[in-house]
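What follows is a single structure, written as structure tokens, with notes after it.
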Amino acid sequence: MSNTDRRLLTEAPKMYVHYCEEKGCEEWGGWGNSPSPAVATRWWCFEHFPHKSHEQEQALRRKLEAAERGDIVQRLLG
Ligand SMILES: [Zn+2]
């Protein structure tokens, strides 16, 4: 094993399996929040993440609205 390989192994990020903690949601929890290092991080998908900034909230709303419009267009076309 070369030095480069060893460094990659020891510095590889720990793999966590954490899905959104919202009941019934099966999205990947890519958004974590922990009030302090002593508190275990909790994870949510972007949609359910309760600590979004105002800008992030707006961006999500636009995305959802765009998706809704997309559905309507598809229904009209179909
Ligand atoms: Zn979720």
Side-chain angles (χ1 to χ4, degrees):
M1 186 185 283
S2 75
N3 282 340
T4 315
D5 289 340
R6 196 184 304 275
R7 197 164 54 83
L8 280 177
L9 280 178
T10 52
E11 289 182 4
K14 283 179 191 159
M15 293 297 291
Y16 293 105
V17 177
H18 46 75
Y19 289 91
C20 176
E21 67 170 52
E22 183 80 13
K23 273 201 187 83
C25 180
E26 293 175 353
E27 293 287 316
W28 177 251
W31 291 74
N33 182 270
S34 168
S36 89
V39 178
T41 307
R42 299 169 70 190
W43 298 93
W44 294 269
C45 69
F46 183 59
E47 196 170 330
H48 292 127
F49 186 59
H51 304 282
K52 285 193 286 288
S53 71
H54 181 70
E55 285 75 19
Q56 289 171 328
E57 194 78 58
Q58 297 295 314
L60 175 64
R61 194 156 305 160
R62 275 197 299 275
K63 203 179 103 183
L64 291 177
E65 280 170 7
E68 221 161 79
R69 278 198 296 274
D71 277 356
I72 292 165
V73 170
Q74 272 185 355
R75 256 180 258 135
L76 289 173
L77 291 174

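In listed order, ligands and their atoms are each counted from 1. Heavy-atom basis, side chains included; hydrogens, waters and symmetry copies ignored.
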TODO: Mind telling me whether H18 and W43 have parallel, tilted or perpendicular rings, with 30° and 60° as the class edges?
DONE: parallel
Task: Nearest heavy-atom neighbours spanning L60 and E47 - done: CD2-CA, 3.7 Å
- [ ] Write down the atom of Q56, the atom of F46, and the distance for their closest heavy-atom approach.
- [x] O-CZ, 3.5 Å
TODO: Kindly give the heavy-atom pair with the smallest separation between T41 and S34, and that separation in Å.
DONE: OG1-CB, 3.6 Å
Task: Closest non-hydrogen atom pair, W44 against H48 - done: CD1-O, 3.6 Å
Task: Rounded distance (nearest 0.5 Å) linking atom CD of E65 with atom NZ of K63 - done: 13.0 Å
Task: Under 2.8 Å from the Zn ion (ligand 1) - protein N/O/S, by chain and number - done: C20 SG, C25 SG, C45 SG, H48 ND1
